[in-house]
Protein chains: 2
Amino acid sequence: MNNGRFPISLHILTLLASSAGELLSSDYIAGSININPVLVRKEISNLRNFGLIESKEGKNGGATLAKPADKIRLSEVYHAVQQASLLGNSKNKPNPDCPIGKQINLHLDHLYEDIEGALLHRLEKMSLADFLRQFQ
Amino acid sequence: MNNGRFPISLHILTLLASSAGELLSSDYIAGSININPVLVRKEISNLRNFGLIESKEGKNGGATLAKPADKIRLSEVYHAVQQASLLGNSKNKPNPDCPIGKQINLHLDHLYEDIEGALLHRLEKMSLADFLRQFQ
DNA sequence: TGTACTGTAATAAAGTCAATTACAGAATGA
DNA sequence: TCATTCTGTAATTGACTTTATTACAGTACA
């Protein structure tokens, strides 16, 4: 979760979960998040690829959840927006002639995997329905 | 851990831990990480502020650990490089007129705190000595 | 007293991310 | 059928962030 995409995707999903199956337009969603509608459509497109959202083109189109909110784990949202590693992506190119530099990316990766595992464990325990339930 | 500073700081500390109290110059360290020496000196300055490193100016100067490697927890490194929140810093300005937008930052913050706690717990369990021990 | 360092500021260059513009295509309904 | 209202997506711009670079004062040593 390096990026601002996680909160955006979660915001979108929360809106959809709260709207009881009604189709929401990207303009409406963008208005709630206060970002550009094109960015919303990009995130929706991504979430659709991960099977979390369905969308309908054309007039009166929009987006809706692809499955019930209690069947969507926050870990799925994480996976959907995740490309790079959690802690500073290893775009380092350490000196291969240095005994430490030569190996450090390997050990950093192990550390990141370990931590990411702990993070995913937490996210897996919470569903979108759980998250929405906190709102009053 | 939004940034590439964590791996840089950990790299620096690992080099120092592996050099048995010898002073290492910023140029040497920069050569191992393959980044600019000024950036190394900035990170060293920061780590010094957090009591993890000592440095000596002038000829034959350089940096060394301020305490034994088994007394440095990776959580301390995390705290030293950390400014922003873990998952996408909440620079979102959601629409306060939307019932979801109005509350979401609060709930996102709770979620982030929960996850950051899990992350810190893992980092606290590993010392710099443990990390270095993985290198052969 | 020259050399080899650190410490730090200031600037430039590179890279990243979001906003914007633009437009094709789909569904609706008058 | 055809104007309208949406999505989907590409391309560009602009804002911002990060890193590299340059510059130089200060410190320690031999």
Side-chain angles (χ1 to χ4, degrees), chain A residues 1-9 11-12 15-16 19 22-50 53-64 66 81-85 87-95, chain B residues 1-9 11-12 15-16 19 22-50 53-64 66 81-85 87-95:
Chain A
M1 259 133 179
N2 274 318
N3 49 47
R5 287 179 55 208
F6 178 79
I8 290 175
S9 281
H11 196 144
I12 293 171
L15 284 170
L16 297 182
S19 77
E22 205 182 336
L23 289 173
L24 299 185
S25 76
S26 62
D27 261 42
Y28 174 80
I29 295 171
S32 170
I33 310 181
N34 204 19
I35 60 174
N36 194 283
V38 176
L39 186 53
V40 172
R41 296 206 281 270
K42 270 187 199 157
E43 286 307 320
I44 284 175
S45 166
N46 181 59
L47 292 167
R48 182 161 18 90
N49 290 338
F50 282 86
I53 279 184
E54 282 169 2
S55 59
K56 194 186 155 201
E57 293 185 21
K59 194 171 181 179
N60 301 327
T64 187
V81 299
Q82 160 95 359
Q83 319 117 316
S85 171
L87 337 183
N89 24 13
S90 287
K91 54 188 164 190
N92 316 347
K93 302 176 190 22
N95 187 342
Chain B
M1 260 133 179
N2 273 319
N3 49 46
R5 287 178 56 207
F6 177 80
I8 290 175
S9 281
H11 196 143
I12 293 171
L15 285 169
L16 297 181
S19 77
E22 205 183 337
L23 289 173
L24 299 185
S25 75
S26 62
D27 261 43
Y28 174 79
I29 295 171
S32 170
I33 311 181
N34 204 21
I35 59 173
N36 194 283
V38 176
L39 186 52
V40 172
R41 295 206 281 270
K42 270 186 199 158
E43 286 306 320
I44 284 175
S45 166
N46 181 58
L47 292 167
R48 183 161 17 89
N49 291 338
F50 282 86
I53 279 185
E54 282 169 2
S55 59
K56 193 186 157 199
E57 294 186 21
K59 194 171 183 179
N60 301 328
T64 186
V81 299
Q82 161 96 359
Q83 318 118 315
S85 172
L87 337 184
N89 23 16
S90 286
K91 54 187 162 190
N92 317 348
K93 302 177 190 18
N95 187 342

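Note that this is a predicted model, so its numbers are computed, not measured. Letters A, B, ... are given to chains in the order of the sequence lines, protein chains preceding strands, and every chain is numbered from 1.
As rounded to whole Å, 14 Å separates atom C1' of C/dT6 from atom CG of B/L16. Atom CD1 of B/I44 and atom P of C/dT8 are 12 Å apart (whole Å). Atom CG in B/L23 sits about 17 Å away from atom P in C/dA4, given to the nearest Å. Rounded to whole Å, atom P of D/dT5 lies 12 Å from atom CG of A/D27. Atom CG of B/L39 is separated from atom P of C/dT11 by 19 Å (rounded to the nearest Å). One atom, CD1 of B/I35, and another, C1' of C/dG15, lie 16 Å apart when rounded to the nearest Å. In this structure, CG of B/N36 is placed 15 Å from P of C/dA13, rounded to the nearest angstrom. The distance from atom CG of B/N49 to atom P of C/dT8 is 8 Å, rounded to the nearest whole Å.
Of the two residues near DNA chain D, A/G61 and A/K42, the one whose nearest nucleotide lies more 5' is A/G61.
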(request) Classify every nucleotide of nucleotides 23-30 of chain D by which part a protein heavy atom approaches to under 4.0 Å, writing B for the base, S for the sugar-phosphate alone and - for neither, in 5'-to-3' order. (result) ----BBB-
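The side chain of B/R48 places an N or O atom within less than 4.0 Å of a non-bridging phosphate oxygen (OP1 or OP2) of C/dG7. A sub-4.0 Å separation between OP1 or OP2 of D/dT7 and a side-chain N or O of A/S26 is present. A sub-4.0 Å separation between OP1 or OP2 of D/dG8 and a side-chain N or O of A/S55 is present. B/S45 has a side-chain polar atom (N or O) that falls below the 4.0 Å cut-off from OP1 or OP2 of C/dT8.
Contact of the B/P94 side chain with the A/I33 side chain is not registered, since no non-hydrogen atoms from C-beta on lie closer than 4.5 Å. In this structure, B/L23 and B/N60 have side chains that are not in contact, with every pair of non-hydrogen atoms separated by 4.5 Å or more.
Not counting sequence neighbours, the partners of B/S55 by the side chain to side chain donor-acceptor pair (under 3.5 Å) test are B/R48. Judged as a side chain to side chain donor-acceptor pair (under 3.5 Å), and not counting sequence neighbours, the contacts of B/S32 are B/H11.
Proximity of a side-chain donor or acceptor of B/N36 to a complementary backbone N or O of B/V38 within less than 3.5 Å is detected. Between the side chain of A/N95 and the main chain of B/G31, a donor-acceptor pair closer than 3.5 Å is present.
No hydrogens or angles considered: a donor-acceptor pair under 3.5 Å links the side chains of A/E43 and A/S9.
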